[in-house]
> 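For reference, the structure I am asking about is given below.
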Amino acid sequence: MKNSRFFGILSFFYIVVCAVSLFAQSRLPAQRGAVSSDKKNRPVHIDGKELPPSLYINPSPEALPAGYRSIVLGMDFEAVKDALKKDGLFGYRGERDVSLLPGENRVLIETSSAGYLARCWFQFYENKLYTIIINFNPEKIDFYSVLTELLKKYGEPASLSPETVYWQNADISLNLERPVSLKYMDMHIFNALADKSSVEESAAEILRSHILDAL
């Protein structure tokens with residue numbers, strides 16, 4: 001009799017413990033969801049501005065742009081000059097804004113405007129535009145506004161840091177840098193120049209080694 005009563009009490013406690021355990025497990029997903037939600041809703045600030053809780057990042061991004069306004073990577077030197085003449089936003093003044101860079105077949109156009117754009121650079125190699133740098137006037141266009149538009153169009157960036165955000169594919173690199181600068185780069189020409197530079201450095205090092213060996 002005593003044994004049956006003991007086992008009855010033990011069974012009762014076992015059932016209670018199981019019920020409490022199941023209830024606790026059912027509550028965990030909801031609690032985790034609440035913590036995750038709190039983290040998502042925690043405000044993020046850029047340039048002193050609070051980002052909206054649901055900053056839109058395009059899940060089906062557009063193709064990366066090959067340039068800004070009518071200026072496109074791959075254009076030849078004369079075509080870029082004509083486009084700049086027709087677009088008063090850049091403040092192009094003609095041949096005085098053109099200069100030769102150190103190295104072979106490199107030309108630079110530098111423009112300056114007192115409007116929405118500050119200084120802009122257009123760099124050529126073998127008569128092809130391969131780098132565009134657009135500096136916005138930070139008093140009129142801020143970093144956060146440009147970032148918001150880029151996320152809406154081109155989706156999640158390849159890399160993000162407090163100073164630089166960039167998107168990249170096999171053909172084009174698009175960099176947003178502080179204070180408010182956009183850089184468009186032709187990756188094929190950039191990589192070719194990088195490889196050429198490495199070869200030239202290797203050749204110079206070999207020559208240096210031969211000169212030292214002759215001592």
Side-chain angles (χ1 to χ4, degrees), residues 44 46-47 51 55-81 83-84 87 89-90 92 97-113 116-138 140-202:
V44 178
I46 290 183
D47 291 341
L51 298 179
L55 184 65
Y56 181 71
I57 300 177
N58 193 343
S60 302
E62 302 175 19
L64 291 180
Y68 182 69
R69 294 173 70 85
S70 59
I71 314 297
V72 180
L73 296 171
M75 293 174 68
D76 64 42
F77 179 68
E78 293 298 328
V80 172
K81 288 201 304 182
L84 289 173
D87 195 333
L89 187 66
F90 293 98
Y92 178 63
D97 288 340
V98 179
S99 58
L100 295 176
L101 295 175
E104 185 180 0
N105 298 319
R106 297 197 188 188
V107 179
L108 177 73
I109 296 177
E110 179 182 348
T111 65
S112 182
S113 169
Y116 285 96
L117 301 183
R119 291 188 180 276
C120 299
W121 291 278
F122 307 88
Q123 190 168 348
F124 299 81
Y125 178 70
E126 294 184 345
N127 200 39
K128 284 189 175 182
L129 180 63
Y130 81 97
T131 301
I132 302 170
I133 300 177
I134 307 295
N135 290 299
F136 294 95
N137 182 344
K140 297 186 176 183
I141 297 181
D142 60 87
F143 182 91
Y144 165 72
S145 297
V146 177
L147 174 62
T148 301
E149 289 302 315
L150 294 177
L151 292 174
K152 285 180 182 178
K153 289 185 177 181
Y154 310 119
E156 184 175 352
S159 177
L160 185 150
S161 74
E163 298 299 323
T164 305
V165 185
Y166 79 85
W167 294 255
Q168 185 174 315
N169 58 29
D171 303 313
I172 297 167
S173 172
L174 174 61
N175 292 32
L176 173 63
E177 301 176 357
R178 290 183 180 277
V180 198
S181 176
L182 268 182
K183 179 188 289 185
Y184 305 79
M185 185 173 294
D186 184 317
M187 294 306 299
H188 298 290
I189 296 179
F190 174 79
N191 290 330
L193 288 174
D195 292 341
K196 182 179 179 181
S197 177
S198 297
V199 170
E200 290 174 349
E201 288 177 2
S202 297

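FYI, the numbering just counts along the sequence from 1.
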> Closest approach of Val165 and Pro157, non-hydrogen atoms and distance?
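Taking every non-hydrogen atom into account, CG1-CB, 3.5 Å.
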> Compare every heavy atom of Leu182 with every heavy atom of Leu150, then report the nearest pair and how far apart it is.
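Shortest heavy-atom contact: CD1-CD2, 3.9 Å.
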> Can you tell me how far the SG atom of Cys120 sits from the CG atom of Leu89, to the nearest 0.5 Å?
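Going from SG on Cys120 over to CG on Leu89, the span is 7.5 Å.
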> To the closest 0.5 Å, what do you measure between CG (Leu193) and NE2 (His188)?
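Spacing of CG (Leu193) from NE2 (His188) equals 13.0 Å.
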> Do Pro65 and Leu174 have side chains that approach each other closer than 4.5 Å (heavy atoms only, starting at C-beta)?
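Result yes, sub-4.5 Å side-chain heavy-atom pair found.
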> Does any non-hydrogen side-chain atom of Arg69 lie less than 4.5 Å from one of Ile71?
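No; the side chains remain at least 4.5 Å from each other.
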> Can you give me the closest heavy-atom contact between Arg106 and Tyr125, atom names plus distance?
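The answer is CG-CD1, 4.0 Å.
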> Let's go through Trp121 and Ile132 carefully: what are the C-alpha distance in whole Å and the side-chain angles of both, what is the deciding distance for side-chain contact (heavy atoms from CB on, under 4.5 Å) to 0.1 Å, and is it a yes or a no?
CA-CA 6 Å; Trp121 291 278; Ile132 302 170; over 6 Å; no
> Could you work out, with side chain to side chain contact (heavy atoms under 4.5 Å, CB included) as the rule, every residue matching Ala118, not counting sequence neighbours?
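Expected list: Asn135.
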> Heavy atoms only: give me the nearest Gly155-Ile57 pair and the separation to one decimal.
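Minimum heavy-atom separation between Gly155 and Ile57: C-CG2, 3.5 Å.
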> Check Phe143 against Glu177 and note the closest heavy-atom contact, atom names and distance.
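Answer, listing the atom of Phe143 first, then Glu177: CE1-C, 4.0 Å.
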> Among Leu129, Leu101, Ile189, which one satisfies side chain to side chain contact (heavy atoms under 4.5 Å, CB included) with Gln123?
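Looking at Leu129, Leu101, Ile189, the match for Gln123 under the side chain to side chain contact (heavy atoms under 4.5 Å, CB included) is Leu101.
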> Between Phe90 and Phe122, is the ring centroid distance below 6.0 Å?
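Here the rings of Phe122 and Phe90 have centres that are less than 6.0 Å from each other.
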> Counting only heavy atoms not in Lys153 (residues, nucleotides, ligands), do more than 12 fall under 6.0 Å from its NZ?
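Result for NZ/Lys153: open.
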> Should we count NZ of Lys128 as having more than 12 external heavy atoms under 6.0 Å?
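It does not: Lys128 NZ has 12 such atoms or fewer within range.
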> Does any N or O in the side chain of Asn191 come within less than 3.5 Å of the main-chain N or O of Met187, such that one atom is a donor and the other an acceptor?
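Yes; judged by distance alone, with no hydrogens or angles, the pair exists.
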> Does the side chain of Phe77 reach to within under 4.5 Å of the side chain of Val98, using non-hydrogen atoms?
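With C-beta onward as the side chain, the pair touches.
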> Kindly give the heavy-atom pair with the smallest separation between Gln168 and Ser173, and that separation in Å.
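In terms of heavy atoms, the two residues are closest at OE1-OG, 3.9 Å.
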> Closer than 3.5 angstrom, by distance alone: can the side chain of Arg119 be matched with the main-chain N or O of Ile133 as a donor-acceptor pair?
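No; zero donor-acceptor contacts below 3.5 Å.
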> Take the angle between the ring planes of Tyr184 and Tyr68 and call it parallel below 30°, perpendicular above 60°, tilted in between.
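The arrangement is tilted - the two ring planes meet at 30° to 60°.
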> Hey, could you give me the CG/NZ distance between Leu176 and Lys183, rounded to the nearest 0.5 Å?
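These two atoms lie 12.0 Å from each other.
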> Do Thr148 and Tyr144 touch side chain to side chain, with heavy atoms closer than 4.5 Å?
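Contact flag for Thr148/Tyr144 side chains = yes.
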> With rounding to the nearest 0.5 angstrom, report the CG to CD1 distance, Asp186 to Ile172.
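Asp186 atom CG to Ile172 atom CD1 measures 7.5 Å (nearest 0.5 Å).
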> Return yes if some donor-acceptor pair links the side-chain N/O of Asn137 with the main-chain N/O of Tyr116 below 3.5 Å, else return no.
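Such a contact is absent between Asn137 side chain and Tyr116 backbone.
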